[in-house]
Number of protein chains: 2
Amino acid sequence: MNLQKKLNQAGLRHTHARQVVMSILEEATIPLSPQSIYQRSLEKNEDIGLVSVYRTLELLDEFSLIRRVHGREDCHGYVLASPGHHHHLVCRECEKAVEFTGGDDLSGLLNRIQQETGFEVEGHLLQLFGLCPECQKGKENHA
Amino acid sequence: MNLQKKLNQAGLRHTHARQVVMSILEEATIPLSPQSIYQRSLEKNEDIGLVSVYRTLELLDEFSLIRRVHGREDCHGYVLASPGHHHHLVCRECEKAVEFTGGDDLSGLLNRIQQETGFEVEGHLLQLFGLCPECQKGKENHA
DNA sequence: TCCTTATTGAAAAATATTATCAATAAGGAA
DNA sequence: TTCCTTATTGATAATATTTTTCAATAAGGA
């Protein structure tokens with residue numbers, strides 16, 4: 001389901017500011033902070049306010065249309081999210097973020113931890129860091 | 001190895017401010033933000049500046065004596081880190097953070113993702129969220 | 001005890017986020 | 001299409017957070 005439908009369904013309006021933020025996220029390959037989304041909107045000569053960026057991100061987050069991705073250093077940015085449960089793999093060089101599915105690979109771990117700690121595990125945050133294929137090639141060239 | 005030794009070894013000084021920050025983290029059961037560490041130092045009538053809190057956290061992080069823990073909403077706080085590779089399990093109710101070891105449970109997943117994406121995976125961020133044993137009891141009482 | 005200098009803390013500057021509110025425009029109704 | 005209602009916007013101000021600057025201090029070896 002796309003943004004417009006979701007908005008209508010929730011009785012919300014499909015506005016210019018929201019469309020711009022969504023487009024910028026759709027075009028991006030790396031996680032974007034509110035500030036950098038705002039910067040890109042200026043570069044595109046789209047006249048939206050920084051405040052609308054924050055508000056739209058909050059909205060998109062509620063609709064699970066975007067997801068927060070943490071960097072090694074900086075705290076987080078947002079990327080478009082496919083429907084369903086996904087995690088992200090981030091390139092340390094070009095920052096590109098790609099999705100992957102956790103599958104059942106975590107269930108063993110989760111069960112073990114529940115046993116060991118007595119916690120009732122409800123959710124998890126998993127992110128991988130590494131070098132994407134392109135940046136691996138880049139490295140070779142310099143070697 | 002404790003803080004003092006690490007500092008000496010690196011030619012750094014064991015100062016009051018650094019000791020205070022370290023003590024506060026040692027006493028804490030939940031992840032603390034720079035601001036909240038500063039607040040606790042005030043409550044303890046320890047006269048250290050907020051800036052030193054930031055600087056000390058940076059230092060402790062370099063020494064791997066602390067680790068960043070992300071909340072569901074708020075971005076992150078710091079907890080004391082045991083030596084070695086660990087992850088954290090955070091209670092959604094009392095915010096308590098406990099460590100656990102990933103073991104080999106992730107290696108299958110990591111290999112699969114490397115295959116599928118072509119990324120060279122170098123590191124990962126894994127955190128679990130849930131209810132700790134104490135807060136599970138609390139819930140029962142209200143039922 | 002003295003000296004060197006890493007470290008501190010106060011204040012200012014820079015950055016990021018949230019609240020306020022009159023003006024605007026989205027989108028259904030006529 | 002045009003009108004109306006009101007959700008939404010964006011400018012501004014208010015907060016909060018983080019970093020920089022720099023003279024004064026204190027850690028710790030000589």
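By convention in this document, chain letters (A, B, ...) are assigned in the order of the sequence lines, proteins followed by strands, and residues within each chain are numbered from 1. Computed from a prediction, not measured in an experiment: that's the story for all the values here.
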Stepwise side-chain hydrogen bond (donor to acceptor under 3.5 Å, both in side chains) test for B:Glu27 and B:Ser23: CA-CA 6 Å; B:Glu27 291 161 9; B:Ser23 305; 5.4 Å; no
Derivation and outcome, salt bridge (Lys or Arg N to Asp or Glu O under 4.0 Å), residues B:Glu99 and B:Arg67: CA-CA 11 Å; B:Glu99 284 185 333; B:Arg67 208 137 295 169; 5.3 Å; no
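No more than 12 heavy atoms of other residues, nucleotides or ligands sit less than 6.0 Å from atom CD of B:Glu58.
Annotation: B:His124 is in aromatic contact with B:His87 [ring centroid separation under 6.0 Å].
Read 5' to 3', the first and last nucleotides of DNA chain C with an atom closer than 4.0 Å to a heavy atom of chain B are C:dT5 to C:dA11.
Residues from residues 12-25 of chain B that place a heavy atom under 4.0 Å from any atom of DNA chain C, listed by number: B:Leu12, B:Arg13, B:Thr15, B:Ala17, B:Arg18. Near-neighbour residues of DNA chain C inside residues 67-75 of chain A, defined by a heavy atom below 4.0 Å, are absent.
Although no hydrogens or angles enter the test, the distance criterion places a donor-acceptor pair under 3.5 Å between the side chain of A:Gln114 and the main chain of A:Val121. No donor-acceptor pair under 3.5 Å is formed between the side chain of B:His76 and the backbone N or O of B:Val69. Under the 3.5 Å distance criterion, the side-chain polar atoms of B:Arg18 are matched with a main-chain donor or acceptor of B:Arg13.
Between the CG atom of B:Leu50 and the P atom of D:dT17 there is a distance of 10 Å, given to the nearest Å.
If you chain together hydrophobic residues whose side chains sit under 4.5 Å apart, A:Leu57 and A:Val51 never meet in one group. Transitive grouping of hydrophobic side chains (ILVMFWY, heavy atoms separated by less than 4.5 Å) brings B:Ile48 and B:Leu3 into a common cluster. When hydrophobic clusters are built by joining Ile, Leu, Val, Met, Phe, Trp and Tyr residues whose side-chain heavy atoms come closer than 4.5 Å, directly or via intermediates, B:Leu32 is grouped together with B:Leu59.
With rounding to the nearest 0.5 Å, the separation of CG in B:Leu131 from CG in B:Leu89 is 10.5 Å.
Residues B:Glu134 and B:Lys96 are in side-chain contact: their nearest non-hydrogen atoms beyond the backbone lie under 4.5 Å apart. A 4.5 Å side-chain heavy-atom check between B:Tyr78 and B:Pro31 finds every atom pair outside the cut-off.
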Output a table of nitrogen or oxygen pairs between the protein and nucleotides 20-22 of chain D separated by less than 3.5 Å.
none

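For the side chain to side chain contact (heavy atoms under 4.5 Å, CB included) criterion with B:Leu25, the lone passing option out of B:Val79, B:Leu65, B:Leu60 is B:Leu60.
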DNA chain D base-pair string [pairs: Watson-Crick or G-U under 3.5 Å; |: paired with another strand]: ||||||||||||||||||||||||||||||
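Residue-to-nucleotide proximity on DNA chain D shows that, of A:Gly49 and B:Tyr54, the 5′-proximal contact is made by A:Gly49.
Residues passing the salt bridge (Lys or Arg N to Asp or Glu O under 4.0 Å) test with A:Glu116, sequence neighbours excluded: A:Arg112.
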